[in-house]
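Encoded as structure tokens, the structure appears first; notes follow it.
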Protein chains: 2
Amino acid sequence: MFISKTSEYALRILTYMALNNETQFSAQSLYEELEIPKRYLMRLLTDLSKSGFINATRGRSGGYVFARPIETIYFSEIINSVEDLQSFEGCVLGNSVCPVDKPCALHHIWEKPKQAFLETIKTTTLADLLL
Amino acid sequence: MFISKTSEYALRILTYMALNNETQFSAQSLYEELEIPKRYLMRLLTDLSKSGFINATRGRSGGYVFARPIETIYFSEIINSVEDLQSFEGCVLGNSVCPVDKPCALHHIWEKPKQAFLETIKTTTLADLLL
DNA sequence: ATAAATTAATACTTACAGGTATTATATTGT
DNA sequence: ACAATATAATACCTGTAAGTATTAATTTAT
Ligand code: SF4
Ligand code: SF4
């Protein structure tokens, strides 16, 4: 598991586009490169457009370009736009409120890798791919 | 996301039992402590029993006890018994085979937190909770 | 023996993520 | 103007994880 399939798709799309930012991509061209079911890909693209990552232009020579500089687009934001990042924050055991007084041993055990994950996605932008 | 709800349940059950290993727990008593839908909990318990973590005894004063010393039960094994741990190993972008020649930048970015996560669950046992 | 208390097996239902289909809308080359 | 080529909106379908229901099997106290 880790992240949802839709998150994977969103990352795949935007990281691919980031390699040639400035360039305009059509849904068709993205479909040919990335292995994502076409209609689902198209729906996702309008979602990403609504989320403000990319701008869509319709019509004969339309397509998608980044709406913002890729230096400002964090992985956490991408993931959060298609699934709830909050679900990564909570208790490993899925307790919405911690049932014990002081943190159980499992809490500490999980804390390190969880923080490593969250830190990474919160501090890394699409631009970092090009380094 | 991170891990499935069923994994959360399995961990919640076994970590709770580990606090008083040797003790026998009935499904009823576990239901009263842990917040897991009763019937689902009961089915999970027989699954965990089949997986060899716990032994079930039926009948009037039946219940569940650990089938093995908790020093030998790794979190990875618990999770793997209810969902496929393999799905944590692969490419972040969900590519079954990596489409590029040499690791893309995202690969390195993800590698650290992923390894931290996998390392932890592979090296930690239920007994470590009691430390 | 019988009844009560437990787990086991099996099948069914529900909710939701993922995927598909259809129709509408916008842009542009001719 | 019109046809061609894009994206947008909306509704529907599907597969799977999660949850529920029913009945069977096992053990033990009385
Ligand atoms: S202390 Fe344990 S039970 Fe409480 S929130 Fe942390 S992991 Fe969950
Ligand atoms: S290099 Fe990039 S595309 Fe290839 S497996 Fe790693 S993350 Fe996936």
Side-chain angles (χ1 to χ4, degrees), chain A residues 1-13 17 23-32 34-67 79-85 87 93-94 96, chain B residues 1-13 17 23-32 34-67 79-88 93-94 96:
Chain A
M1 193 157 293
F2 238 117
I3 61 175
S4 71
K5 214 161 195 175
T6 306
S7 285
E8 286 178 1
Y9 290 163
L11 291 178
R12 213 184 296 173
I13 294 167
M17 288 180 65
T23 312
Q24 177 180 264
F25 293 89
S26 67
Q28 179 61 32
S29 70
L30 290 171
Y31 169 67
E32 282 159 7
L34 318 169
E35 288 171 355
I36 304 174
K38 185 160 185 181
R39 294 176 187 279
Y40 197 64
L41 165 68
M42 293 181 75
R43 219 181 51 181
L44 234 185
L45 283 167
T46 59
D47 287 348
L48 292 173
S49 173
K50 279 184 185 166
S51 299
F53 298 115
I54 52 181
N55 277 332
T57 52
R58 304 204 227 190
R60 195 164 180 134
S61 55
Y64 302 92
V65 289
F66 278 105
I79 296 174
N80 195 44
S81 79
V82 296
E83 70 181 295
D84 187 13
L85 243 193
S87 68
L93 303 180
S96 47
Chain B
M1 192 156 295
F2 238 118
I3 61 175
S4 71
K5 212 160 196 176
T6 307
S7 286
E8 286 179 1
Y9 291 161
L11 290 177
R12 212 185 297 172
I13 293 166
M17 287 180 66
T23 313
Q24 176 180 265
F25 294 89
S26 67
Q28 179 63 32
S29 70
L30 291 171
Y31 169 67
E32 282 159 6
L34 318 169
E35 288 170 355
I36 303 173
K38 185 160 186 182
R39 293 176 188 279
Y40 197 64
L41 165 68
M42 293 181 74
R43 219 182 49 181
L44 234 183
L45 283 167
T46 59
D47 287 349
L48 293 173
S49 173
K50 280 184 184 168
S51 299
F53 298 115
I54 52 182
N55 278 333
T57 52
R58 304 205 227 189
R60 193 164 181 135
S61 55
Y64 302 91
V65 288
F66 278 105
I79 296 175
N80 195 45
S81 80
V82 297
E83 71 181 294
D84 186 13
L85 243 193
Q86 193 63 26
S87 68
F88 290 86
L93 304 180
S96 46

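Any value given below was found using the heavy atoms of this structure, including those in side chains, with hydrogens, waters and symmetry copies removed. Numbered from 1 within each chain, the chains take letters A, B, ... in sequence-line order. Because the structure is predicted, anything quoted here is derived from the model rather than measured.
- Counting non-hydrogen atoms of neighbouring residues, nucleotides and ligands closer than 6.0 angstrom, the CZ atom of B:Phe88 exceeds 12 such neighbours.
- Distance check, rounded to the nearest 0.5 Å: CG of A:Leu41 to CG of A:Asp47 gives 11.0 Å.
- A donor-acceptor pair under 3.5 Å is formed between the side chain of A:Ser87 and the backbone N or O of B:Met1.
- In this structure, B:Asp47 atom CG and D:dA18 atom P are separated by 12 Å, rounded to whole Å.
- The shortest side-chain heavy-atom distance between A:Val82 and A:Leu44 falls under the 4.5 Å cut-off.
- You'll find that the side chain of A:Lys50 is closest to D:dA9, out of D:dA8, D:dA9, C:dT7.
- Atom CG of B:Leu48 and atom P of C:dT7 are 13 Å apart (whole Å).
- In this structure, CD1 on A:Ile13 lies 5.0 Å from CG on A:Leu45, to the nearest 0.5 angstrom.
- Per the geometry, CD1 belonging to A:Ile54 stands 11 Å off C1' belonging to D:dT7, to the nearest Å.
- Here D:dT10 presents its C1' atom at 14 Å from CE of A:Met42, a figure rounded to the nearest Å.
- Taking 4.5 Å as the limit, every side-chain heavy atom of B:Thr6 sits out of range of all side-chain heavy atoms of B:Glu83.
- Residues of residues 25-32 of chain B that place a heavy atom closer than 4.0 Å to DNA chain D do not occur.
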Worked verdict on B:Phe53 versus B:Phe66 for ring-ring contact (aromatic ring centres under 6.0 Å, His included): CA-CA 6 Å; B:Phe53 298 115; B:Phe66 278 105; 8.7 Å; no
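- One finds the CD1 atom of A:Ile36 at 13.0 Å from the CE atom of A:Met42 (value rounded to the nearest 0.5 Å).
- Put simply, CG on B:Leu44 is 14 Å from C1' on C:dA8, counting in whole angstrom units.
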At under 4.0 Å between heavy atoms, which parts of nucleotides 18-28 of chain C does protein reach? Answer with one letter per nucleotide, 5' to 3': B base, S sugar-phosphate only, - none. SBBBB--BBBB
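- Atom CD of A:Glu83 is separated from atom C1' of D:dA17 by 15 Å (rounded to the nearest Å).
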